[in-house]
Protein chains: 2
Amino acid sequence: MNETAQQILDVAQNLVRNRGYSSFSFADISEQVGIRKASIHYHFSSKEELTRELVKRYRMAFQQTLKQIERSNSDPQAQLRQFLSLYRQGLSQSQMCLCGILSAEMAVLPASVQEGVRAFFAETQTWLQTLIETGASTGCLQPRLPPKDEASLLLASVQGAQLIARASEASESAFDRIADQLLASICPTP
Amino acid sequence: MNETAQQILDVAQNLVRNRGYSSFSFADISEQVGIRKASIHYHFSSKEELTRELVKRYRMAFQQTLKQIERSNSDPQAQLRQFLSLYRQGLSQSQMCLCGILSAEMAVLPASVQEGVRAFFAETQTWLQTLIETGASTGCLQPRLPPKDEASLLLASVQGAQLIARASEASESAFDRIADQLLASICPTP
DNA sequence: GTCTATACGAGGATAGAC
DNA sequence: GTCTATCCTCGTATAGAC
């Protein structure tokens with residue numbers, strides 16, 4: 001995949017994370033990349049293919065980021081904090097998680113894109129579950145529920161926090177408050 | 001507001017709750033209502049007005065439902081259960097909360113619709129907060145956080161649960177598991 | 001690889017007859 | 001109130017020149 005293709009995906013990603021799948025167009029991309037919209041079809045044959053590749057790249061990058069979080073920090077509690085900060089970062093540009101916003105449009109997504117979205121949630125939940133299990137065994141975290149359930153609740157909550165934060169005037173602080181509580185709910189009470 | 005207008009809103013509501021704002025069209029409505037799409041403009045001058053009225057009606061109906069929950073049940077814990085079941089019901093037709101799905105498209109909504117969405121969340125959070133306060137004072141509920149924070153976390157979580165449930169093969173049971181944990185997290189442990 | 005030109009359909013909206 | 005007819009814009013996609 002060449003440079004232009006990457007650039008197209010970069011721009012598309014920002015667009016989708018802001019507006020969603022149905023509301024981004026080749027014209028939008030063309031404007032920001034500086035090529036004509038017909039030229040996009042040289043790199044991606046269709047909107048479906050473009051979005052499929054976008055989700056694929058996003059999933060891989062996200063997994064990489066999670067691995068970095070593991071490496072850079074041995075404390076599960078700090079890892080969790082970093083995980084939450086990823087979502088907070090997106091929000092600072094009023095962007096949702098790519099797969100979170102796509103999930104809202106599930107009914108109109110091409111099947112191949114739906115698949116990628118599903119896979120993203122499964123992967124992320126698995127990572128969270130492992131993190132919680134580790135944290136529980138070392139005492140860094142004190143999950144009140146089985147790690148699997150705790151993970152799915154956490155994932156739902158962070159996605160929901162991002163979702164409704166966009167409907168708030170002060171979206172970042174709205175998210176922060178919720179994120180703090182999520183963290184508190186799973187940390188040992190001194 | 002006459003019968004046809006109501007019917008248009010009924011159909012529009014199902015469409016939006018499934019596909020979102022950008023992906024529903026006058027053609028879709030016209031097909032299901034059985035009138036031509038130009039005729040819709042007699043009842044609603046524009047898509048913006050239609051959606052604005054839709055959100056307005058949804059908000060009022062939702063508030064009514066919440067009042068009914070209060071009346072039909074004096075136990076805050078049971079009220080909370082009923083609140084969660086509202087979201088579960090939508091999901092059974094793979095529908096999200098109208099304002100939840102609109103929130104994902106916030107960036108492309110007309111300003112007047114954005115306003116309605118914001119108001120919906122504020123109202124709903126207030127109701128939850130009052131419920132939690134009542135429950136805490138009678139001992140029916142045992143919030144771990146200040147009621148206001150507990151309410152916003154709960155709202156975010158239930159919206160998020162609905163959002164990501166759509167990306168799950170078994171969306172209803174995925175939601176149920178999360179809803180049970182939400183309930184457990186706020187109920188007194190015997 | 002990128003361009004121009006163009007096809008084709010969909011979407012929202014308006015005018016005017018009935 | 002609903003219809004037909006029509007307008008205009010935007011969206012994806014293709015063909016073929018450079």
Side-chain angles (χ1 to χ4, degrees), chain A residues 1-55 57 101-102 104-105 107-114 116, chain B residues 1-57 101-102 104-114 116:
Chain A
M1 186 155 311
N2 67 42
E3 231 174 272
T4 308
Q6 293 291 347
Q7 208 188 335
I8 290 170
L9 290 182
D10 290 343
V11 170
Q13 181 164 305
N14 286 331
L15 287 166
V16 177
R17 292 182 64 184
N18 263 299
R19 312 187 200 165
Y21 175 78
S22 317
S23 302
F24 93 93
S25 72
F26 282 42
D28 298 326
I29 297 176
S30 129
E31 224 173 283
Q32 292 186 42
V33 173
I35 60 177
R36 296 297 179 165
K37 55 181 183 162
S39 307
I40 300 172
H41 286 280
Y42 172 79
H43 302 279
F44 303 97
S45 66
S46 66
K47 189 176 184 179
E48 170 171 358
E49 195 204 322
L50 193 160
T51 311
R52 187 170 51 236
E53 292 299 316
L54 182 59
V55 172
R57 190 184 71 152
I101 195 165
L102 286 179
E105 293 179 285
V108 296
L109 295 181
S112 65
V113 177
Q114 290 180 4
Chain B
M1 188 155 308
N2 66 43
E3 230 175 273
T4 307
Q6 293 291 347
Q7 207 188 336
I8 290 170
L9 291 182
D10 291 342
V11 169
Q13 181 163 306
N14 287 331
L15 288 166
V16 177
R17 292 182 64 184
N18 263 298
R19 312 187 199 166
Y21 175 78
S22 318
S23 302
F24 93 92
S25 72
F26 282 41
D28 297 326
I29 297 176
S30 128
E31 223 173 283
Q32 291 186 42
V33 173
I35 60 177
R36 295 296 178 165
K37 57 177 186 165
S39 308
I40 300 173
H41 286 279
Y42 172 80
H43 302 278
F44 304 97
S45 65
S46 64
K47 190 177 183 178
E48 170 171 0
E49 196 204 321
L50 192 158
T51 311
R52 186 169 53 235
E53 292 300 316
L54 182 58
V55 171
K56 183 178 161 192
R57 190 185 70 153
I101 195 165
L102 287 179
E105 293 180 283
M106 209 65 179
V108 296
L109 295 181
S112 65
V113 177
Q114 290 180 5

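In what follows, chains carry the letters A, B, and so on, assigned in the order in which the sequence lines appear, proteins first and then strands, with residues in each chain numbered from 1.
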Practice prompt. Please report the shortest heavy-atom distance between Gln32(A) and Leu15(A), naming the atom on each side.
Written response: NE2-CD2, 3.8 Å
Discussion item. Output one letter per nucleotide in nucleotides 4-11 of chain D: B when a protein non-hydrogen atom lies under 4.0 Å from the base, S when only the sugar-phosphate is that close, - when neither is.
Written reply: BB-----S
Worksheet item: Roughly, in whole Å, what's the span from CZ in Phe44(A) to C1' in dT2(C)?
Response: 15 Å
Practice prompt. Look at the side chain of His41(A) and decide which nucleotide, out of dA13(C), dT2(C), dT12(D), has an atom nearest to it.
Written response: dT12(D)
Practice prompt. Specify the separation, in whole Å, of atom CD1 of Ile40(B) and atom C1' of dA10(C).
Written response: 14 Å
Worksheet item: Is there side-chain contact between Arg57(B) and Gln13(B), with at least one heavy-atom pair below 4.5 Å?
Response: yes
Worksheet entry | Flag side-chain contact, heavy atom, 4.5 Å: Leu9(B) against His43(B) | no
Practice prompt. Using only side-chain N and O atoms of Thr4(B), determine if any of them is under 4.0 Å from OP1 or OP2 of dG1(D).
Written response: no
Discussion item. Between P on dA13(D) and CD on Glu49(A), what's the gap in Å once rounded to a whole number?
Written reply: 10 Å
Discussion item. Taking Phe26(B)'s backbone N and O only, do any of them form a donor-acceptor pair with Lys47(B)'s side chain (distance below 3.5 Å, no angle check)?
Written reply: no
Fill in: Length of the CD1-C1' vector between Ile8(B) and dG1(D), whole Å
10 Å
Worksheet item: What closest approach, in Å, do Val33(A) and Gln7(A) show between heavy atoms, and which atom pair accounts for it?
Response: O-NE2, 3.9 Å
Item to complete: Return the nearest nucleotide to the side chain of His43(B); candidates are dG1(D), dA13(C), dT2(D).
Response: dT2(D)
Worksheet item: According to a strict under-4.0 Å criterion, is Tyr42(A) in side-chain N/O contact with OP1 or OP2 of dT2(C)?
Response: no
Discussion item. If I compare all heavy atoms of Glu48(B) with all of Ser112(B), which pair ends up nearest, and what's the gap?
Written reply: OE2-OG, 2.9 Å
Worksheet item: Rounded to the Å, how far apart are Ile29(B) CD1 and dT2(D) C1'?
Response: 16 Å
Discussion item. Please list all pairs meeting side-chain hydrogen bond (donor to acceptor under 3.5 Å, both in side chains) that have one or both residues in residues 20-29 of chain B, counting only residues at least two apart or in different chains.
Written reply: Ser22(A)-Ser23(B), Ser23(A)-Ser22(B), Arg19(B)-Asp28(B), Ser22(B)-Glu105(B), Ser25(B)-Asp28(B)
Discussion item. With heavy-atom distances below 4.5 Å as the criterion, would you say the side chains of Arg52(A) and Glu49(A) are in contact?
Written reply: yes
Distances under 3.5 Å between protein N/O atoms and the N/O atoms of nucleotides 16-18 of chain C, please, pair by pair.
none

Worksheet, complete the sentence: Between Ala12(B) and Ile29(B), the two heavy atoms sitting closest are CB-CD1, 3.9 Å
